[in-house]
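Note: hydrogens, waters and symmetry copies are ignored here, and every other heavy atom, side chains too, is used.
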Amino acid sequence: MQPLLISANLADLDLIKDYIIEAGNKVGLPPQKLYKLRLAVDELVTNIITHGYNQDDTPAAINIQAKFQQNNLTLCLEDKAVPFNPLSAVAPDLTLPLEQRMIGGLGIELIKSSVDKFYYERHGCHNRNILTMLLDK
């Protein structure tokens with residue numbers, strides 16, 4: 001599938017949604033898994049736009065590439081935002097009362113719990129987030 005290059009703008013979230021639906025339908029991803037993947041990518045892209053690219057006024061973009069293998073659908077998202085490894089973030093303590101919890105981290109936990117595999121790597125000046133959904137689960 002051809003990659004999708006979007007401006008890092010919340011208004012482009014619908015373009016991403018359509019791309020994910022097309023990719024999921026091509027491989028027969030079950031509707032519940034497709035929904036979870038869309039939710040995870042929406043959260044991830046929103047974080048990239050609002051936290052990664054809000055540091056300056058340089059043109060910002062996110063590249064999304066869907067890859068199909070025999071038993072999975074993998075989405076690779078690349079950006080040139082501030083380096084951030086979401087897997088290194090401290091998980092929020094959900095046992096604490098709301099007023100005692102630190103702000104942040106719930107979105108990353110949502111992403112991790114929504115997909116079958118989630119990886120991060122820094123490649124040159126790019127953040128690369130890789131999300132995989134298995135077709136047989």
Side-chain angles (χ1 to χ4, degrees):
M1 197 166 160
Q2 291 294 321
L4 173 68
L5 180 64
I6 63 155
S7 62
N9 185 313
L10 293 175
D12 285 345
L13 287 174
D14 279 342
L15 295 173
I16 297 168
K17 176 194 70 155
D18 294 341
Y19 183 82
I20 295 168
I21 289 172
E22 181 182 349
N25 288 337
K26 279 188 177 187
V27 296
L29 194 64
Q32 184 176 8
K33 293 196 90 163
L34 182 56
Y35 174 78
K36 287 182 176 185
L37 181 60
R38 285 179 44 215
L39 184 65
V41 172
D42 187 85
E43 180 65 29
L44 183 58
V45 170
T46 299
N47 282 347
I48 292 167
I49 293 168
T50 59
H51 300 296
Y53 277 127
N54 74 351
Q55 305 299 319
D56 56 37
D57 293 328
T58 59
I62 300 171
N63 186 53
I64 303 170
Q65 173 71 58
K67 297 178 183 177
F68 310 110
Q69 294 183 351
Q70 184 174 355
N71 68 341
N72 69 51
L73 167 61
T74 298
L75 293 177
C76 179
L77 288 80
E78 282 191 357
D79 64 76
K80 290 185 178 181
V82 175
F84 178 69
N85 179 352
L87 298 174
S88 69
V90 177
D93 184 352
L94 301 178
T95 63
L96 292 174
L98 284 175
E99 58 275 357
Q100 293 179 12
R101 292 184 199 170
M102 294 182 60
I103 294 175
L106 286 175
I108 293 168
E109 289 304 307
L110 173 76
I111 295 166
K112 290 194 283 189
S113 68
S114 295
V115 298
D116 294 317
K117 296 178 184 176
F118 180 35
Y119 301 100
Y120 168 84
E121 60 188 25
R122 183 78 179 167
H123 186 73
C125 63
H126 293 90
N127 292 301
R128 188 176 289 158
N129 291 279
I130 303 162
L131 299 91
T132 300
M133 294 302 271
L134 302 176
L135 300 177
D136 58 355
K137 268 183 132 182

Test log, rule side-chain contact (heavy atoms from CB on, under 4.5 Å), inputs L73 and F68: CA-CA 5 Å; L73 167 61; F68 310 110; 3.5 Å; yes
Closest non-hydrogen atom pair between A66 and A23, with its separation: CB-CB, 3.8 Å
Side-chain touch Y120/I130, heavy atoms, less than 4.5 angstrom: no
Any side-chain heavy-atom pair of D18 and L4 under 4.5 Å: no
Pairs meeting criterion salt bridge (charged side-chain N to carboxylate O under 4.0 Å, His left out) with involvement of residues 68-82, two or more places apart: E78-R128
Heavy atoms from other residues, nucleotides or ligands near CD of Q69 exceed 12 (cutoff 6.0 Å): no
Spacing of L44 atom CG and L39 atom CG [to the nearest 0.5 Å]: 11.5 Å
ILVMFWY cluster, L110 and Y119 together (side-chain gap under 4.5 Å): no
Residues D116, K33; criterion side-chain contact (heavy atoms from CB on, under 4.5 Å); working and verdict: CA-CA 9 Å; D116 294 317; K33 293 196 90 163; 2.6 Å; yes
Note, L13 side chain near K17 side chain (heavy atom, < 4.5 Å): no
Shared hydrophobic cluster, L10 / V41 (ILVMFWY, side-chain heavy atoms < 4.5 Å): yes
Interatomic spacing from SG in C76 to NE2 in H126 - rounded to 0.5 Å: 10.0 Å
Heavy-atom side-chain contact between P86 and I111 under 4.5 Å: no
Side chain proximity check, L34 to I20, heavy atoms < 4.5 angstrom: yes
F118, CZ: over 12 other non-hydrogen atoms inside 6.0 angstrom: yes
Y19 vs R38, side-chain contact (heavy atoms from CB on, under 4.5 Å): CA-CA, chis, key distance, verdict: CA-CA 10 Å; Y19 183 82; R38 285 179 44 215; over 6 Å; no
Exam field: side chain Q65 to backbone M1, donor-acceptor pair closer than 3.5 Å: yes
Check: N127 and I48 side chains under 4.5 Å, non-hydrogen atoms: no
Interatomic distance, D42 atom CG to S114 atom OG [nearest 0.5 angstrom]: 11.0 Å
Y35 side chain to P30 backbone, donor-acceptor under 3.5 Å: no
Validation row: L131, L77 side chains within 4.5 angstrom (heavy atoms): yes
T132 side chain reached by V115 side chain, heavy atoms, under 4.5 Å: no
Gap separating the CD atom of E43 from the CD atom of E109, nearest 0.5 angstrom: 11.0 Å
